[in-house]
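Heads up, the thing below is written out as structure tokens.
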Amino acid sequence: MSCLGNILWFIFGGLVGGLGWLIAGALWCITIVGIPIGLQCFKLASLSFAPFGKEVIYHQSGFSLIVNLIWLIVSGLPLALTHIVSGLILCITIVGIPFGKQSFKLARLALMPFGAEIVASNHYYFE
């Protein structure tokens, strides 16, 4: 079911969200200091393209807190707002609720992407 969910997600909104992460990553990679942040954006773009069957685990440290604050000010709010708006639109119908939940998962990740680890989910249904 996660494969079907990922295909539908990609067609009906995942492409736009993933492109947002890719653009943010490309802009961060322009500077040498921003390359680690840009690389994280590229990893998160793959999650944004296909979020079903994957979970996010957060590990906090002092370094990730500082980088998350910088990220939030520079790039995090526009990406998070995009995912929140798409999640609200998707949750209008009952069929769209699983997709809206994925969008809200990505919105939280857009606010705090550093210290987050993406792992495969151990269940085979829509999250």
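This one's a predicted model, so the numbers in the text were calculated from it and none came from an experiment.
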Does the side chain of [X] reach to within under 4.5 Å of the side chain of [Y], using non-hydrogen atoms?
X	Y	value
V119	V56	no
M112	R108	yes
N6	P51	yes

(message) Taking ring pair (Phe, Tyr, Trp, His ring centres under 6.0 Å) as the definition, give me every residue that meets it alongside F49, ordered by chain and number, with sequence neighbours left out.
(response) F10
(request) Give me the other members of the hydrophobic cluster that F104 sits in, counting Ile, Leu, Val, Met, Phe, Trp and Tyr linked by side-chain heavy atoms under 4.5 Å, directly or via other members. (result) I84, L88
(message) Please give the remaining members of the hydrophobic cluster of I89, linking ILVMFWY side chains under 4.5 Å, ordered by chain and number.
(response) V85
Rounded at 0.5 Å granularity, tell me how far [atom1] in [X] sits from [atom2] in [Y].
X	Y	atom1	atom2	value
L47	L109	CG	CG	6.0 Å
I70	I66	CD1	CD1	7.5 Å
L15	L19	CG	CG	4.5 Å
Q102	I97	CD	CD1	13.0 Å

(request) Please check if Y58 and L106 belong to a single hydrophobic cluster, counting links between Ile, Leu, Val, Met, Phe, Trp and Tyr side chain heavy atoms closer than 4.5 Å. (result) yes
(request) Kindly work out whether a path of hydrophobic side-chain contacts (I/L/V/M/F/W/Y, heavy atoms less than 4.5 Å apart) joins V74 to L65. (result) no
Where [X] and [Y] come nearest, the two heavy atoms and their spacing:
X	Y	value
G76	L111	O-CD2, 4.4 Å
L22	A45	CD2-CB, 3.7 Å
W71	A110	NE1-O, 2.6 Å
K105	K54	NZ-O, 2.7 Å
G18	S48	N-OG, 3.2 Å

(request) Kindly assign one of parallel, tilted or perpendicular to the pair F52 and W9, based on the angle between their ring planes and the thresholds 30° and 60°. (result) perpendicular
(request) Might you work through the side chain to side chain contact (heavy atoms under 4.5 Å, CB included) test for I7 and I11, ending with a clear yes or no? (result) CA-CA 6 Å; I7 291 169; I11 293 170; 4.1 Å; yes
(request) State which residues pass side chain to side chain donor-acceptor pair (under 3.5 Å) with W21; sequence neighbours excluded, sorted by chain then number. (result) H83
(message) The criterion is side chain to side chain donor-acceptor pair (under 3.5 Å); which residues satisfy it with S86, sequence neighbours excluded?
(response) S103
Would you give me the side-chain donor-acceptor pairs under 3.5 Å for residues 24-38, sequence neighbours excluded?
from	atom 1	to	atom 2	distance (Å)
W28	NE1	S75	OG	2.9
T31	OG1	W28	O	3.4
T31	OG1	G34	N	3.1

